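A quick note: this is a predicted structure, and the numbers were derived from the prediction, not measured. For reference, positions follow the sequence shown, starting with 1.
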Amino acid sequence: MAQLLITGGAGFIGSHTCLALLEAGHNLIVLENYSNSSNEALRRVAELAGVRLGDRITLLQGDIRNQEDLEMAFSQEKKTIDAVVHFAGLKAVGESVQQPLRYWDVNVGGTCSLLGAMKRHGCRTIVFSSSATVYGYPKKVPIQETAIVQPISPYGRTKAAVEKLLTDVSESEDGWCIACLRYFNPVGAHSSGRIGESPYGMPNNLFPFVCQVAVGQRKELKIFGGDWPTTDGTPVRDYIHVMDLAEGHCAALEVLMRERPQVLTINLGCGYGYSVLEVVKAFESVSSMDVPFKIVARRPGDVSCSIADSTLAANRLGWVTRRNLVDMCRDAFAWQKDNPFGYFSKND
Ligand code: NAD
Ligand code: UDP
């Protein structure tokens, strides 16, 4: 059992991972500025885990760029923080092209501040949310961790920069235990339907969009390109159930806390991919709803195919995914049906 600081723990991946970490017996302090989330997510996490807010999970409203907020987080409990799981950040690729300063400030500047606070408080263990987007246009799929890092968006470059920063920090002094987890395409929701992905406004990502079309909130899905060099012409992605991803964090943390100091860089994906049309068909079959779609022009910056080589995750973390595309569609749909506006009300 460890005392953990979770940054961005009310977000999509953070909330599911908080639940998995509580179930694994850890105690959590969550630092959140709620810029892209609601504290209702953590209220439900506590309810699912059967714990009281303020008991094994403490919520602190604050920003990772603010030293006072970080001091408050690190001095919160009498016990020291053993490790940080760092989700806080901005994640919209298109927005990062428009607002690069904001992305570098939050994702890179925020991580610098966090690492400074960790140093001051003698905490040297961190799990960082990196992304498959660091690979840019992959030369070979499945993508191994040794593939060239060549991101094609400001967002991807902030993730690559933080990975480099973490390596520099680990080389500057002994004792750092670091995991950079390169997520592929996290989707789905907890099987209870109580927590899930709750995007503000128009979703950018495929799964939330498909869910909203299936329940009639949006007229049709626009599929970005039908002329890609794939079997049916639509792009292929390695979709990973968010609870598998959450369990991947628990596994990484255990390895870091058990082994000698190191920097682990590991893909978290299933190791196989589905096209957009395959996802639409699976979703229709699971939900018994129609998902009308129209094929439109390609989206700038998209890649044809992105699939993880998941061998290293299996070998180093002893972790493999357990949920398939049907589970992802079923759980995403159940969440959408029960929470048509996510954690927000219709008028938010
Ligand atoms: P999310 O937006 O749902 O969660 C991020 C959380 O961080 C939000 O709750 C937000 O309020 C919080 N936050 C943002 N800036 C903050 C700040 N300055 N201080 C404190 N809290 C702050 O996103 P997510 O999908 O859960 O992603 C979590 C992490 O994983 C992010 O770093 C993201 O870049 C990375 N990632 C996500 C995906 C994906 O497809 N969802 C893929 C690869 C990597
Ligand atoms: N996509 C789509 N229509 C949408 C959203 C996404 O056709 O409204 C496609 C997108 O082109 C990509 C796949 O679905 O091939 C997954 O996109 P997403 O944005 O979810 O993840 P990405 O892999 O781009 O980060």
Side-chain angles (χ1 to χ4, degrees), residues 11-14 16-17 20 85-87 89 91 93 127-153 155-156 159-160 162-163 179-190 197 204-208 210 228 230-231 234-255 263-276 278-279 282-283 301-332:
F12 171 44
I13 303 168
H16 291 78
T17 306
V85 188
H86 178 32
F87 297 103
K91 63 167 182 176
V93 173
V127 177
F128 168 63
S129 297
S130 189
S131 168
T133 196
V134 298
Y135 296 118
Y137 298 113
K139 294 205 170 41
K140 201 175 119 206
V141 283
I143 309 170
Q144 291 183 327
E145 289 82 353
T146 48
I148 186 161
V149 168
Q150 215 161 45
I152 53 176
S153 70
Y155 167 68
K159 290 291 173 189
V162 171
E163 287 195 358
C180 296
L181 303 180
R182 293 177 176 166
Y183 311 156
F184 278 65
N185 285 61
V187 298
H190 187 257
E197 190 168 11
N204 291 312
N205 298 109
L206 180 67
F207 258 72
V210 168
W228 293 93
T230 60
T231 45
T234 63
V236 170
R237 294 289 181 274
D238 184 332
Y239 296 97
I240 171 171
H241 194 293
V242 64
M243 285 311 298
D244 278 328
L245 191 63
E247 289 165 10
H249 288 73
C250 298
L253 201 60
E254 269 172 41
V255 168
V263 180
L264 281 171
T265 301
I266 297 195
N267 289 336
L268 293 186
C270 291
Y272 40 84
Y274 294 99
S275 73
V276 175
E278 284 170 332
V279 169
F283 205 90
D302 268 356
V303 303
S304 169
C305 182
S306 169
I307 299 174
D309 183 321
S310 51
T311 316
L312 191 64
N315 290 345
R316 287 298 285 112
L317 307 182
W319 165 91
V320 288
T321 55
R322 299 190 291 136
R323 298 159 180 91
N324 60 24
L325 184 62
V326 169
D327 300 319
M328 300 179 209
C329 294
R330 186 199 55 230
D331 294 340

Which word best sums up how the rings of Tyr135 and Phe184 line up, parallel for under 30°, tilted for 30 to 60°, or perpendicular for over 60°?
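Geometry flag for Phe184 against Tyr135: tilted rings.
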
Where the side chain of [X] meets the backbone of [Y], is there a donor-acceptor pair that is under 3.5 Å apart?
X: Lys159; Y: Ser129; result: yes
X: Trp319; Y: His249; result: no
X: Asp238; Y: Gly271; result: yes
X: Ser275; Y: Glu278; result: yes

Arg237: which of Ile307, Val276, Asn185 passes side-chain contact (heavy atoms from CB on, under 4.5 Å):
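Per the side-chain contact (heavy atoms from CB on, under 4.5 Å) rule, the option paired with Arg237 is Asn185, out of Ile307, Val276, Asn185.
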
Heavy-atom closest pair, residues [X] and [Y]:
X: Asn267; Y: Asp309; result: ND2-O, 3.2 Å
X: Thr230; Y: Pro235; result: CG2-CA, 4.4 Å
X: Gly156; Y: Thr133; result: CA-CG2, 3.6 Å

Salt-bridge test for Glu145 and Arg316: reply yes if a basic N is under 4.0 Å from a carboxylate O, no otherwise.
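Salt bridge between Glu145 and Arg316, a charged N being under 4.0 Å from a carboxylate O: no.
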
Using 0.5 Å steps for rounding, measure from the CD1 atom of Ile266 to the CG atom of Leu317.
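Going from the CD1 atom of Ile266 to the CG atom of Leu317 covers 4.0 Å.
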
His241 and its side chain to side chain donor-acceptor pair (under 3.5 Å) partner, picked from Asn324, Asp327, Asp331:
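Per the side chain to side chain donor-acceptor pair (under 3.5 Å) rule, the option paired with His241 is Asp331, out of Asn324, Asp327, Asp331.
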
Phe87 ring center near His16 ring center (under 6.0 Å)
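Ring centres of His16 and Phe87 not closer than 6.0 Å.
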
